[in-house]
Amino acid sequence: MKLPKHFYLRPDVAEIARDLVGKSLFTNTNGRVTGGMIVEAEAYCGATDRACHAYKNKCTDRTKVMFDAGGIAYVYLCYGIHCLFNIVTNSEGHADAILIRAVEPTHGLDVIRMRRNSDSRSVNLTSGPGKLTKALGIDLMHNGADLTQDQIWIEDSGITFSSDHIVSTTRIGVEYSGIDAFLSWRYYIKNNKWVSKP
DNA sequence: GTGCGGATGAACT
DNA sequence: GTTCATCCGCACT
């Protein structure tokens with residue numbers, strides 16, 4: 001059921017981002033399993049993409065995990081507060097990654113609600129990149145984690161969406177990146193209420 | 001060593 | 001619509 005390594009090793013990061021929409025993301029923290037279906041994802045390409053932290057293949061302590069072979073997690077701290085979860089793709093030496101921006105919670109709703117400390121409308125639980133990491137208990141400890149192991153992983157949900165139901169648009173929050181801000185590398189499920197609302 | 005700002009979210013007015 | 005929480009990475013000196 002877990003997606004195999006070769007799924008992540010393909011060279012076209014935008015294609016993989018699209019393929020990830022509809023797949024299921026799981027975590028297991030201290031025996032508490034939580035999971036949800038990916039409904040929104042964005043592709044970032046290190047070599048050519050100004051919006052990517054590893055633009056021009058810039059390798060630093062933070063970005064070095066993106067240069068590893070695909071199928072591992074890239075988690076970083078944003079605004080000093082939020083952990084954002086990415087999936088590293090492509091073969092070793094290519095710094096490509098896919099930001100997961102929203103999931104539809106499917107497993108461990110009680111734990112998710114507790115982590116989100118919220119009894120508000122459930123649609124708010126995981127509809128954003130910082131929200132879903134908190135809901136699924138993803139933090140900096142997961143940086144570099146192998147997505148084919150048992151701490152954090154991705155499964156084929158068995159659900160497939162036709163191309164009519166997957167929309168592509170420009171990415172969120174990358175206005176600073178000039179021409180690359182216009183790349184349509186954000187993919188999400190049409191009319192799905194769990195997609196983030198920028 | 002220092003300073004700036006970010007792939008956001010929540011709580012305000 | 002606006003504000004602010006909160007801290008590391010990174011580009012300088």
Side-chain angles (χ1 to χ4, degrees), chain A residues 8 13-14 16-18 20-21 25 34 36 38-68 70 72-90 94-105 112-145 147 152 154 167-189 193-198:
Chain A
Y8 304 104
V13 66
I16 302 173
R18 196 175 184 291
L20 280 170
V21 173
L25 170 65
T34 50
I38 297 167
V39 299
E40 180 179 1
E42 291 180 352
Y44 290 83
C45 175
T48 60
D49 174 12
R50 283 183 58 90
C52 183
H53 294 155
Y55 175 51
K56 288 183 179 170
N57 288 322
K58 185 174 61 176
C59 186
T60 67
D61 279 346
R62 182 172 63 153
T63 63
K64 63 187 179 189
V65 66
M66 278 196 274
F67 289 85
D68 286 343
I72 61 176
Y74 167 47
V75 183
Y76 75 96
L77 187 64
C78 187
Y79 294 103
I81 303 169
H82 302 106
C83 294
L84 269 55
F85 170 67
N86 299 250
I87 295 162
V88 176
T89 68
N90 211 334
H94 297 267
D96 294 352
I98 295 162
L99 171 68
I100 304 304
R101 287 193 55 88
V103 304
E104 174 175 338
I112 287 174
R113 287 201 191 87
M114 189 173 61
R115 287 189 181 129
R116 292 280 292 135
N117 194 25
S118 167
D119 58 358
S120 62
R121 295 293 303 168
S122 57
V123 70
N124 199 31
L125 288 172
T126 56
S127 57
K131 296 179 198 174
L132 76 90
T133 54
K134 188 171 183 195
L136 298 186
I138 298 171
D139 60 29
L140 298 178
M141 298 296 292
H142 292 86
N143 193 36
L147 297 176
I152 179 167
I154 298 174
V167 187
S168 68
T169 69
T170 56
R171 295 170 292 180
I172 306 297
V174 297
E175 296 79 9
Y176 59 87
S177 60
I179 189 71
D180 294 325
F182 295 101
L183 290 168
S184 286
W185 278 2
R186 172 181 178 235
Y187 299 92
Y188 62 90
I189 297 173
K193 67 177 182 177
W194 303 89
V195 172
S196 69
K197 295 160 192 68

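The sequence lines fix the lettering, A, B, ..., with proteins before strands; numbering per chain opens at 1.
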Counting just side-chain N and O atoms, does A:Lys58 come under 4.0 Å of either OP1 or OP2 of C:dA11?
-> yes
Could you tell me which nucleotide pairs with C:dC12 by Watson-Crick or G-U wobble geometry, both distances under 3.5 Å, or answer none if nothing does?
-> B:dG1
note: A:Lys64, atom NZ; C:dG9, atom P; distance rounded to Å ~ 10 Å
With side chains defined as the heavy atoms from C-beta onward, is the minimum distance between A:Leu84 and A:Leu99 less than 4.5 Å?
-> yes
What is the distance from CG of A:Leu140 to C1' of C:dG9, rounded to the nearest Å?
-> 12 Å
Phosphate-side-chain proximity, A:Tyr176 and B:dG5, N/O vs OP1/OP2 below 4.0 Å = no
Give me the one residue out of A:Thr126, A:Asn124, A:Val103, A:Leu125 that meets side-chain contact (heavy atoms from CB on, under 4.5 Å) with A:Lys131.
-> A:Asn124
Can you check the A:Glu42 CD to B:dT8 C1' distance for me, whole Å?
-> 12 Å
What are the two closest non-hydrogen atoms of A:Ser184 and A:Ser168, and how far apart are they?
-> O-CB, 3.9 Å
Heavy-atom nearest nucleotide on DNA chain C taken for A:His53 and for A:Tyr79; more 5' hit belongs to A:Tyr79
Can you check the A:Leu99 CG to B:dG6 P distance for me, whole Å?
-> 16 Å
Answer with base, sugar-phosphate or nothing: what part of the nucleic acid does A:Lys197 contact at a heavy-atom distance below 4.0 Å?
-> nothing
For the pair A:Glu104 (side chain) and A:Val39 (backbone), establish whether a donor and an acceptor sit closer than 3.5 Å, ignoring hydrogens and angles.
-> no
Taking the six-membered ring of A:Tyr188 (Phe, Tyr or Trp), confirm whether the NZ or CZ of A:Arg101 is under 6.0 Å from its centre and within 45° of its axis.
-> no
Select one nucleotide: of B:dA7, C:dG9, C:dC8, the one nearest the side-chain heavy atoms of A:Thr60.
-> C:dG9
Rounded to whole Å, the OH-P distance (A:Tyr76 to C:dG9) equals 13 Å
Scan side-chain atoms only and decide if A:Thr34 and A:Arg115 contain a donor-acceptor pair under the 3.5 Å cut-off.
-> yes
CE of A:Met66 versus P of C:dG9: gap in Å, rounded?
-> 13 Å
Winner on side-chain proximity to A:Leu84, out of B:dG6, C:dG9, B:dA7, is B:dA7
Round to the nearest Å and state the distance from A:Ile100 atom CD1 to B:dT8 atom P.
-> 14 Å
Heavy atoms under 4.0 Å, any strand shown: does A:Gly80 hit a base, just sugar-phosphate, or nothing?
-> base
Rounded to whole angstroms, how far apart are CZ on A:Arg62 and P on B:dA7?
-> 7 Å
Could you list all N or O pairs between the protein and nucleotides 9-11 of chain B that sit under 3.5 Å apart?
| residue | atom | partner | partner atom | Å |
| --- | --- | --- | --- | --- |
| B:dG9 | OP1 | A:Pro129 | N | 3.1 |
| B:dG9 | OP1 | A:Gly130 | N | 2.9 |
| B:dG9 | OP1 | A:Lys131 | N | 3.3 |
| B:dG9 | O4' | A:His82 | NE2 | 3.1 |
| B:dA10 | OP1 | A:Arg116 | NH1 | 2.8 |
| B:dA10 | OP1 | A:Arg116 | NH2 | 3.0 |

So what's C:dT6 paired with, Watson-Crick or G-U wobble, going by both distances under 3.5 Å?
-> none
Residues A:Ala97 and A:Thr89: closest non-hydrogen pair is N-OG1, 4.3 Å
